[in-house]
Every structure is written in structure tokens, then in C-alpha cells.
Q: 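Dropping the structure in here first, questions after.
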Amino acid sequence: MSACVPTRTSDSPHAERVPPPHSPPRAPHRRFRVAGADVSASIAVFLIALPLSLGIALATGAPLQAGLVAAAVGGLVAGRLGGSPLQVSGPAAGLTVVTADLINRYGWRTTCAITVLAGLVQLGLGCLRVARSALAVSPAIVHGMLAGIGVTIAVAQMHIVLGGSPQSAVLDNLRSLPAQLADLHPAAVAVSALTLILLLLWPRLPGRTGRLLRKVPAALVAVTGATATAVFAGLAQPRVELPSWSSHALAGLPEGPVLGLVAAVLTVTLVCSVQSLLGAVAVDKLIAARPGLPARVNRSDLDRELLGQGATNLVSGALGGLPVAGVAVRSAANVQAGAVSRNSTMLHGVLVVVAALLMVPVLELIPLASLAALVMAVGIQMVSLHHIRTVTRHREVPVYAVTTLGVVFLGVLEGVALGIAVAVAVSMHRLARTRITHDEKEGVHHVHVRGQLTFLAVPRLSRALHHVPHGSCVVVELDGSFMDHAAYETLQDWQRTHTAQGGSVELTGRRAGTGTDADPGPNANSGSGSEGIQPATSAVQAVTPVIGVADSPLAGCRCRPWTPWRNHQCDGPPPAAPHGGRAPEDQGQPLEEPSDGEPGGRTGAVPLVAAEPAVASGPARSAAASAPTDATEQAEQFQRTHRTYSTGSDERVESIGGTGATGSGPSGRQLVRGISAFQRNTAPLVRGELARLAREGQQPSQLFLTCADSRLVTSMITSSGPGDLFVVRNVGNLVPPPGEESGDDSVAAAIEYAVDVLKVRSITVCGHSGCGAMQALFDAAPGGVQTPLKRWLRYGLPSLERMGDTGRPWARLAGRAAADAVEQLCLTNVVEQLDHLRAYASVARALRAGELELHGMYFHVGEAQAYLLSKAGEGKGELFDRVGVADLSA
């Protein structure tokens, strides 16, 4: 039988269906499974959502069942269709003020209709894929909106806490608050106080028992405790009333003025959408902080999330529920409880449905004052001090304050509109705020431009440039990140005119990649660093007598600050000039852009004044061009060893040596480039902080003792700044034991000074991979000539003996074994040097007083991975734990 003939006929009733060629294989049938982590997380979220949903419904004046409907629909619909798998949606405190105003103005059935229409608008926006544009709203506006809503909620619920009824407006609630304080209801105040006390103290329970009890949500404990107390004490006060579901009101046709209804729909859409999308971004950050979870959970799809929220509001409004949005408290609880998929959100919705149908008698025992106290606490927490500090640091306090006050006194939509207007005004002010100064130093005119150079600053720029005398030497310092077309042309035209009249112009201060957005042509500078303009019209070039931003070709460097010198891509030699003359690129071309087409990206870059010899113009230039090569070399050598200064008609030459500030050797040039890059890029940013440290003195929090290896950059590894670390470096990060003869007193003196004078709170001994000192210690033969290195390495011999002690377990790395014996010695050496530290009297005294901590650290250079020492337990040895991106507590 041929192999091509099938063994079963095609018309057989049991014949298998063969998939067409090139089609993907059919996915195997998968049974629906729910992870145990999702089940436990859903219970935790349900226990938080149940009291909050009732409390928010109470705060809005809606039927209490509406909160349960919104919570159930948010869990089931948004959980299934939303683009953020672990975000939990439901009735949000941020919607309380909006919903309460709509109910008061239009009634409950029309409010449900507005929720349905808002859901339709969200669906339309999701189809248009504009979700990302919602993130363009300034965070100061969002935080201000939430703070205003929080203030409104807290003021309104205060009346219920005191036993009264709130008014519809914030001002009315504030005016009636004194009378309410004079007419207290003791039962309501007692229940509310108990709720707030439990809510505040429950998360702070100490000890192991407290850690177990804290797994129960504080909101549930507070409401349950207050309810139980009210029931057993027999306190007579208003309680939750859940009418029969048969009389539950559904959405009706919207009734009211068209413009008012449109504004209401837009308000609900705006608040729901922005809160949900920002919540999805926040949930992504929480997921990224959980080890192992980012690989299992996809990042949020914001357009899908907007579609899911639209469908949720559509269903919730149609079923008589409150407006729905992503809720930060429940979402954070979902992630922290260990949820791994959207099943946890959906299960929480199922639990809400079960509670709404089967737990009505229990829910009706809850006092309204307890729910009001819970919602009031949520409102107070919405005024976040962290957000206030953030907007203060970014100088956006006016935006935050105007938005908050607008929401409180005018309404959400009005407050957000005012906040957007103020944010635009602040941005325009910053864009237009440009300081232009002009001064003269030693015959050189300096025009300093601070800020963005736009058409709004052109009149002031022209006025400052007009005051520069003809034929003078000018340095124009551009201290900003943007220059538009109008400012570019003004500066270029003035430069051409000034050089034509015998003057010289140097442009400094431009950062790579931050130049003009409007590119006039191929020769336009769009951010070429500080490529100074040095036209060949002046016999003597002017430079400042200190190392400045124009003193090194590194001023146009595009390398990162931590790039090693040898790896810099900006060190290429300038273009060669024929016959010793000037390079053709340096013939007064204005604002040339360096090309990335050649190595180093320096093609067409204009040489800077301190990096290349000055070239005369006119007859002097011709003579220089025709001079013999040896004369040109002599001139270049003179330029490398001297600086020429021009002060009006007087010329001064100062010798700075062959390896001085200009650095004739390669190492000297690298050093000067590095210092110049610091002076240009970093010094303006840290000058204020260093000035403060100079006034107040150093107050470091840590003594960091590490190896002198050049690959260990302590500030980069620890993300520390000036004044944070008191650093001691030596070969092998060794700590000589105290009291030894001929000991090294420099390390002991540093330890004593750090502990007794600077009062550091911790000392860290940091070893590293590939340590040459440990390799030399491991390979050293006994005896021989005692060189300084051998005499110093004797302080590492106890580490070698400790590693050879078979009765003592070795120090270990978490997740892997030591690569070789030298790495094992590096780990053991850190542990041994910590023991040496404990023998110092000052260290022992501070340890006994609880004023000092000792830490061990190991840094693997090749992996750029840090490990911190932690005790693994008796008999297991010391363990170096890997430090990850989520170890914020470390």
C-alpha cells in the first residue's frame, strides 16, 4: 500500500478533521481554574468594598442598594472587560460630590440615565483610542480635584457623625457646623468615635499577633466593632435600611435642561475616566514592585480599560447603580493580597452579589454614623500630604490650590476647568520667563540667557545684543533647553553682523539634543552642545582665566556622565586644516550642527577656543598659513603651554605648563574634559546644595568603607549625593584590628572621627568581585621581601584563615554558589572586617547604645548587582541577599 493512501476513508463518520496547511495548531481545551491566591485576594477586597460601597451610597444620598449594585457590576463587568487585570472598580469616593449634586438637582432616576450616557461617551472615547491623552492632565489638577472632593466629603459627613443631616453645599455645611456642634447626639458621636479609633489603631497593632490580625481590613473591623457595640449597648440611632429589591429604582429618561445634562455627562465622564486611567497606571507600578508578578500579569491596556469602564457605567446606570471608576484602595489591596489574574476582581463582584441577596438582615444592623465616620476618614485621606509636597517641589502649588478651592466652592467641573486654566498660565509664564543679562569682564562682553529662548524674549535679546560694542569679543551663554525659529534667526543675524564688523562671538551652554525645534536648514544647530563660534576675524581669541564650559571639546559631549573616559565617543581630533591653516569647517559658519556620520559625531564641529590655537585674520592669517611646518608646530606648542588673555588693548600671556589646565598629555586632556563637563553640566545643578553643605558642614549618615578599585563608583552604586557618605577607600577594604603595633592609623582615625565626631548611624564594609587585593592575598607565598603591599595585606590574613576553618560555615550568596575561591575570599573578608570593626572601642560603645548599625555589602562588578549581608541562622553561615529593584526597605 502506498504511503500516500489514507488508512481511513474521508467519508468515515469517525474521520478526524485535518486542519488546513499553515494554520496554527488548535489550542487544547482548558478547564476554568481559579488560583488560590485569587480566591484569598477576592475575599480581602470584598471585605473592604462592602462597607465602603454602603458608605459612599449614604454620602451621595442615593439608595444604599445602589452602592452594592455598582460594586457588583464593577467587579464583574470591569473585571472581565477592563484593560487593567488587577484594578478593582466600584463606587469611588472621588465621584461622591458629583453624584450627590446630580441627585439633588435631577433626582435619582435621571442620575442613573446620566451614568448610562457617560458610559456611552466612554465607549466612544475608547473606540477613538484617546485614553493616553487623559494622562496629559497635570497631576497637580488631579490631586487638587481629589483633595477638593475629600474636603467636601469630610465636611458633609461631619454632620452625620455628630448626629445631624448634611446640607447640599459646602458653604451651607460650614455655616451650620457650629449649631450642629452645639446639638450633639451622644450615641452617634460614640459610635463614630469608636469607628475612627479602630480605623486608626488596627493597622498599628504590634507584634506577631498584630501582624496576623492586620490581615483583616481595618474598614471591616471598624464597622463591625461599632455595629456590635451599638447592638449590645442598645443604642437607638439611625441604621442602614435596604428596601426590597422588587422596589429598586432603575434608570429613567433624563429630564432637565439640555445644557445642564450635557455638562453633567461630561463631568461624570471626565472624573470616571481620569481616575480610572491614573489608577491603572498606579496599579502597574504596584505590580512592578512585586517580585515575579510582572512576568505573569500584562501591563494595562488603557484604551481597553476605558472601554471596560464605559461598559461598566452603562450596565451600572441601567441597573440603578452609582457611577463606577477604578478605586485605588481596593486595587492596592488586591495586589498586596497576592492576586495574579482578573479572576480575583470578578470573584469579589460575585461575593458582593451574594452579600446583597443573603446578608440583608446583617447589613441593616450597621449604624449610619459608623458608615459616615468611615467615609469621612476616606475623605480626609484624599488630602494627601505626599501630593502637597510633590506639587510644592515642582512649583505647581497655584494649580493645586486653585483646583482644590474651585472644587470645594464651585463644583468639580468648574474646579477642574480653573485648574487647567491656571496650569496653562503657569506653563506660559515659565516659557516666557527668560532672563537676559549683559556684563563686561576684562574686555570680554558676556550675554547670559537663562530660560527658554522664544519669540517672546526676542525684543529683550535684541536690546541686550544692541548694547554690545562693535568689534568686541562676545560670549553668549545659552542656559536653556529650547530655542524657537524667531530667536534662532535673531541670534544668527546679529552674529553675522557682529563678525563682519570685526568682532568675535562664542556661543556656550548649549546641551546636546536640546536646541531649536524649528530647523531652518541643514546647517542649523539643533542642540550641538556648546559649539562656540570662532570666526577668523580677530587676531587674539578671548577666553576666561578659569576652566569653563568652553575650555574643552567635551562641552559638546553626548556621552552619559558615568561613561568611562576611554569609552567616550567625543574625543575625536578636530578636522585637519591644510598647510597648518584653519579647518574649512571653522570659517565663521554660524551655528553648525555636528554630524553623527563620522566617528565621535564631530564632523563639522567648530573647535573651541581653549582647545585649539587662535588664528589671526587678514595679513597675519596669510603669514601663518604660509609659514613652515616647524613654525606652525612651535605656535601650537606655545598655545598648549600658555593662555592668551585679551583685556581691551592690553594683551597678557600666562604660562600654565605642559600638563597644566589644558593638559598636553592624553591623561591631562581627559582630566580637563571631565572637569569641564562637571563645570558645565553638573556644577549649576549642585552649586546650591554644595553651598548649603559648605555653610552647615558635613553631616553624613553613613561611613562607607570600600576598596580603592577604580570600578567601584560609590555614589552611583548607592544613589547618594554630596554629604551622604563618609567614604574610606583602601586596597582590599581592610580594617586593621585596633591596638596592633605598626598598625595603619588612617583607617582607625577615620572610624573614630566618623563615629565620635560625625555621629554616623551606620558603617558599611563593601567588597567586590574581581578584587586584586584578595587575589594577591590568595596567591601570596609565605616569606619573601616585605613590600608595602604585603605589609598592608597582612590585615587580610584573618580572612584567609577564616575561610580555611572547616568548622565554620562559609559565607554564601543568595541564589548561587561562589564562582571560585577568590570570590569566596571576597565574601569572607567582608564578614571578617566587620568583626574587626566591632573590636574598636568607639564602635562597640555606639553599638551597645543602639546608635550604630554595621552592614556588609558585596558588589558584583560584571553583573552590576549588589548583595547585602544578612544572618542565615545558626549553622548556616552568613548570607548575602540580592538587592532587587523592589527592595525599597533595604
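One-based numbering along the sequence shown.
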Q: Apply side chain to side chain contact (heavy atoms under 4.5 Å, CB included) to the pair Val760 and Leu852, showing each step before the final yes or no.
A: CA-CA 7 Å; Val760 297; Leu852 185 67; 4.3 Å; yes
Q: Do the side chains of Pro139 and His394 get nearer than 4.5 Å, heavy atoms only?
A: no
Q: Check whether Arg882 reaches the backbone of Tyr867 with its side chain - one donor and one acceptor, N or O, closer than 3.5 Å.
A: no
Q: Any side-chain donor-acceptor pair under 3.5 Å between Asp38 and Ser341?
A: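 Note: Asp38 and Ser341 side chains meet the donor-acceptor criterion.
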Q: Checking Arg330 side chain against Val88 main chain: does a donor-acceptor pair fall under 3.5 Å?
A: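 Checking the backbone N and O of Val88 against the side chain of Arg330, no donor-acceptor pair under 3.5 Å is found.
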Q: Apply side chain to side chain contact (heavy atoms under 4.5 Å, CB included) to Glu851 and Leu847, showing your working.
A: CA-CA 6 Å; Glu851 300 171 350; Leu847 287 173; over 6 Å; no
Q: With no hydrogens and no angle check, is any side-chain donor or acceptor of Thr706 less than 3.5 Å from a backbone partner on Cys766?
A: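 Here the side-chain-to-backbone pair exists.
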Q: Side-chain contact test, heavy atoms from C-beta onward, threshold under 4.5 Å: evaluate it for Met857 versus Phe704 and give yes or no.
A: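 A side-chain contact exists here, since the closest heavy-atom pair is under 4.5 Å.
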Q: Any sub-3.5 Å donor-acceptor pair from Glu832's side-chain atoms to Gly796's backbone N or O?
A: no
Q: Nearest 0.5 angstrom please: Leu837 CG to Thr764 OG1, how far?
A: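 Rounded to the nearest 0.5 Å, the CG-OG1 separation comes to 10.0 Å.
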Q: For Glu823 and Arg816, run salt bridge (Lys or Arg N to Asp or Glu O under 4.0 Å): C-alpha distance rounded to whole Å, both residues' side-chain angles, the deciding distance at 0.1 Å, then the answer.
A: CA-CA 12 Å; Glu823 184 173 49; Arg816 68 175 179 88; 3.1 Å; yes
Q: Minimum heavy-atom separation for Arg838 to Ala844, with atom names?
A: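 That closest heavy-atom pairing would be O-CB, 3.7 Å.
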Q: Tell me whether the rings of Tyr858 and Phe880 are parallel (<30°), tilted (30 to 60°) or perpendicular (>60°).
A: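 Taking Phe880 first and then Tyr858, their aromatic rings stand perpendicular (interplane angle over 60°).
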Q: Determine, step by step, whether Ile751 and Val735 satisfy the side chain to side chain contact (heavy atoms under 4.5 Å, CB included) criterion, reporting the C-alpha distance in whole Å, the side-chain angles of both residues, the deciding distance to 0.1 Å, and the verdict.
A: CA-CA 9 Å; Ile751 294 172; Val735 180; 3.9 Å; yes
Q: State, to 0.1 Å, how close Val831 and Ala811 come at their nearest heavy-atom pair, and which atoms those are.
A: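 Looking at all heavy atoms of both residues, the closest pair is CG2-CB, 4.2 Å.
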Q: Is the side chain of Trp202 donor-acceptor paired with the backbone N or O of Val216 at a distance under 3.5 Å, no angle test?
A: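 Present.
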Q: Mind checking whether Arg845 and Asp756 have side chains closer than 4.5 Å, heavy atoms only?
A: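 Side chain of Arg845 against side chain of Asp756, heavy atoms only: contact under 4.5 Å found.
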Q: Do Pro700 and Leu725 have side-chain heavy atoms sitting under 4.5 Å apart?
A: no
Q: Answer yes when Arg802 and Asp835 have at least one side-chain N-carboxylate O distance shorter than 4.0 Å, and no when they do not.
A: yes
Q: Using modelled atom types only, decide if a donor and an acceptor are shared between the side chain of Trp792 and the backbone of Val731 within a distance under 3.5 Å.
A: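 Yes, Trp792 side chain to Val731 backbone: donor-acceptor pair under 3.5 Å.
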Q: Can you spot which of Gln699, Arg692, Gln698 makes a side-chain hydrogen bond (donor to acceptor under 3.5 Å, both in side chains) with Glu696?
A: Arg692
Q: Please tell me if the side chains of Leu705 and Val747 come closer than 4.5 Å, counting only heavy atoms from C-beta onward.
A: yes
Q: For Asp724 and Gln702, run side chain to side chain contact (heavy atoms under 4.5 Å, CB included): C-alpha distance rounded to whole Å, both residues' side-chain angles, the deciding distance at 0.1 Å, then the answer.
A: CA-CA 7 Å; Asp724 290 337; Gln702 294 202 23; over 6 Å; no
Q: Looking at Arg395, I'd like to know if its CZ atom is crowded, meaning that more than 12 non-hydrogen atoms belonging to other residues, nucleotides or ligands lie closer than 6.0 Å.
A: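 No.
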Q: If you define the side chain from C-beta out and look only at heavy atoms, does anything of Leu712 sit under 4.5 Å from Arg729?
A: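 A side-chain contact under 4.5 Å exists here.
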Q: Once you round to the nearest 0.5 Å, how far does NE2 of His387 lie from OG1 of Thr392?
A: 12.5 Å
Q: Quick one, Asn733 and Asp709 - any side-chain contact, counting heavy atoms below 4.5 Å?
A: no
Q: Determine the minimum heavy-atom distance between Ala818 and Gln824, stating which atoms define it.
A: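 Heavy atoms only, the tightest pair is CB-OE1, 3.6 Å.
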Q: If we ignore angles and hydrogens, is there a donor and acceptor under 3.5 Å between the side chains of Asn829 and Gln833?
A: yes
